[in-house]
**Student:** 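First the structure, then my questions, so here it is.
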Amino acid sequence: MASGQAGAGTIDCLAMTKAEIAAAVQDAVKGLSRKRANELVDLVFETMKGTLGSGEKIKVSGFGNFILRDKRSRTGRNPQTGEPMEISERRVLTFHASAKLKEDLNRS
Amino acid sequence: MSSSGSTQKLSSELLGPKVRMLFEAMTKSELIDTLSVRGALTKARAEQVVNCVFETMAVAMRQTDGIEIRGFGTFKARARRRRGGRNPRTGEKVEIPAKMLPRFKAGKELREIVNASRAFAITGGDDGPASDDFDDEDD
């Protein structure tokens, strides 16, 4: 993920950050200070974290679903050494993008 | 990967209300309600905030290198090459054009929070093939 694959088609400008979301929120919602916009954006992500942390998934229509999956323990390999190792039982988060988001990304 | 939606639908239709609870999810409108209460703002404004957050993230994926939310994760669009495929019904060869696919990778903190939630009920997504599916090519 870090390096991506061949990067064909990805525009090479910097990634956005939460501060820029807050700026967009401040523009979109009348009468918010920047500080307040920051707080609200934080609160959105904190709420999502709390929900996922209580074992509940999240569905955001028009964007995608955050799904939790329980994985059994399995034997994997250290990719560096090839040495077999036990990967413990765990719960992981996956994101399934909605059809709308996929369409939006491919609109030129 | 794509089977989970239909599995869940089937389960919630066939099984009783107790089991259905296991499949419950927070929806966008519940996220809006929660923001409205916790952030002490009207529902209408909370809705504007939440919609703006997700719209901005979509724009970020489309127009920039993606978006990184500290402690939460990274959203970015990845290119997928043009590839050949087949119409599963007719067996006819079709070409699937190159496209961009949205990807999300949970940040370390969120991964840990989620894993710690194993004490709670499972709310969807059965124990599928064990794979860390951030780098695979499926959709």
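Hydrogens, waters and symmetry mates are skipped; everything else that's a heavy atom, side chains included, is used. A quick note: this is a predicted structure, and the numbers were derived from the prediction, not measured.
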**Student:** Check for me, please, whether B/Ile113 and B/Ile69 land in the same ILVMFWY cluster - side-chain distances under 4.5 Å, paths through other members count.
**Tutor:**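 Shared cluster, no.
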**Student:** Mind listing the closest non-hydrogen atom pair of B/Cys52 and A/Ala28 along with its distance?
**Tutor:**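 Scanning both residues, the minimum pair turns out to be SG-CB, 3.8 Å.
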**Student:** Which atoms of B/Glu55 are under 4.5 Å from chain A, going by heavy atoms: the side chain, the backbone, both sets, or neither?
**Tutor:**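 Contact with chain A involves no heavy atom of B/Glu55 at all.
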**Student:** Report the C-alpha distance between B/Arg62 and A/Arg107 in whole Å, list the side-chain angles of each, state the deciding distance to 0.1 Å, and finish with yes or no for side chain to side chain contact (heavy atoms under 4.5 Å, CB included).
**Tutor:** CA-CA 9 Å; B/Arg62 193 154 72 98; A/Arg107 252 186 6 224; 3.4 Å; yes
**Student:** Please report the shortest heavy-atom distance between B/Leu31 and A/Val44, naming the atom on each side.
**Tutor:**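 That would be CD1-O, 4.2 Å.
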**Student:** Heavy-atom distance under 4.5 Å between the side chains of A/Leu105 and B/Leu101, does that happen here?
**Tutor:**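 Heavy-atom side-chain distance check fails, nothing below 4.5 Å.
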**Student:** How close do A/Leu93 and B/Ala106 get, heavy atom to heavy atom, and via which atoms?
**Tutor:**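 Nearest heavy atoms, A/Leu93 then B/Ala106: CD2-CB, 4.0 Å.
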**Student:** Got B/Met57 and A/Ile21 here, is their nearest side-chain heavy-atom distance under 4.5 Å?
**Tutor:**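 The answer is yes, as the side chains (C-beta and beyond) meet within the 4.5 Å cut-off.
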**Student:** Under 4.0 Å between a side-chain nitrogen and a carboxylate oxygen: does that hold for A/Glu46 and B/Arg38?
**Tutor:**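 No salt bridge links A/Glu46 with B/Arg38.
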**Student:** Can you say whether B/Thr27 sits under 4.5 Å from chain A via the side chain, the backbone, both, or neither, judging by heavy atoms?
**Tutor:**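 Both parts, backbone and side chain.
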**Student:** Is there a side chain to side chain contact (heavy atoms under 4.5 Å, CB included) between A/Thr94 and B/Phe104 once you walk through the steps?
**Tutor:** CA-CA 7 Å; A/Thr94 58; B/Phe104 170 67; over 6 Å; no
**Student:** Using a cut-off of under 4.5 Å on heavy-atom pairs, state which of B/Gly39, B/Ser29, B/Gly73 scores highest against chain A.
**Tutor:**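 That would be B/Gly39.
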**Student:** Mind ranking B/Ala98, B/Ala46, B/Gly71, B/Ala116 by heavy-atom pairs under 4.5 Å with chain A and telling me who comes out on top?
**Tutor:**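 The candidate making the most pairs under 4.5 Å is B/Gly71.
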**Student:** Looking at A/Leu43, A/Thr17, A/Thr51, which makes the most heavy-atom pairs under 4.5 Å with chain B?
**Tutor:**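 Of the candidates given, the most pairs with chain B belong to A/Leu43.
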**Student:** Mark yes or no for whether B/Asn115, through its side chain, and A/Arg91, through its backbone, hold a donor-acceptor pair below 3.5 Å.
**Tutor:**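 A pair under 3.5 Å: yes.
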**Student:** Kindly indicate, with the supporting measurements, whether the criterion side chain to side chain contact (heavy atoms under 4.5 Å, CB included) is fulfilled by B/Met26 and A/Thr47.
**Tutor:** CA-CA 10 Å; B/Met26 175 180 249; A/Thr47 302; 4.0 Å; yes
**Student:** Looking at every non-hydrogen atom in both residues, tell me the closest pair between B/Ala58 and A/Leu101 and how far apart they are.
**Tutor:**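 Looking at all heavy atoms of both residues, the closest pair is CB-CD1, 3.7 Å.
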**Student:** Decide, yes or no, whether a salt bridge links B/Arg118 with A/Glu89 under the criterion of side-chain N to carboxylate O below 4.0 Å.
**Tutor:**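 Yes, B/Arg118 and A/Glu89 are salt-bridged.
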**Student:** Below 4.5 Å from any heavy atom of chain A, which atoms of B/Ala60 appear? Answer side chain, backbone, both or neither.
**Tutor:**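 The answer is both parts of B/Ala60.
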**Student:** Can you tell me how far OG of B/Ser117 sits from CG of A/Leu68, rounded to the nearest 0.5 angstrom?
**Tutor:**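 It comes to 5.5 Å.
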**Student:** Apply side chain to side chain contact (heavy atoms under 4.5 Å, CB included) to the pair B/Met61 and A/Met16, showing each step before the final yes or no.
**Tutor:** CA-CA 9 Å; B/Met61 279 189 267; A/Met16 255 197 207; over 6 Å; no
**Student:** Hey, are the side chains of A/Leu32 and B/Arg45 touching, using non-hydrogen atoms and a 4.5 Å cut-off?
**Tutor:**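 Yes, at least one pair of side-chain atoms sits under 4.5 Å.
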**Student:** Do you know which of A/Lys18, A/Arg36, A/Gln26 has the most heavy-atom pairs under 4.5 Å to chain B?
**Tutor:**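 When all of A/Lys18, A/Arg36, A/Gln26 are compared, A/Arg36 has the most.
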**Student:** Of all heavy-atom pairs between B/Pro102 and A/Ala97, which one has the smallest distance, and what is that distance?
**Tutor:**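 That closest heavy-atom pairing would be CG-CB, 3.3 Å.
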**Student:** What distance separates A/Lys102 NZ from B/Lys99 NZ, expressed to the nearest 0.5 Å?
**Tutor:**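 Answer for the NZ-NZ pair, A/Lys102 versus B/Lys99, is 7.0 Å.
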**Student:** B/Phe75 and A/Phe63: ring pair (Phe, Tyr, Trp, His ring centres under 6.0 Å), yes or no, with the steps?
**Tutor:** CA-CA 12 Å; B/Phe75 294 85; A/Phe63 190 77; 5.7 Å; yes
**Student:** Between NZ of A/Lys49 and CZ of B/Phe72, what distance do you get to the nearest 0.5 Å?
**Tutor:**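 Rounded to the nearest 0.5 Å, the NZ-CZ separation comes to 8.0 Å.
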**Student:** Going by heavy atoms in the side chains, are A/Phe45 and B/Val53 under 4.5 Å from each other?
**Tutor:**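 Side-chain contact under 4.5 Å: yes.
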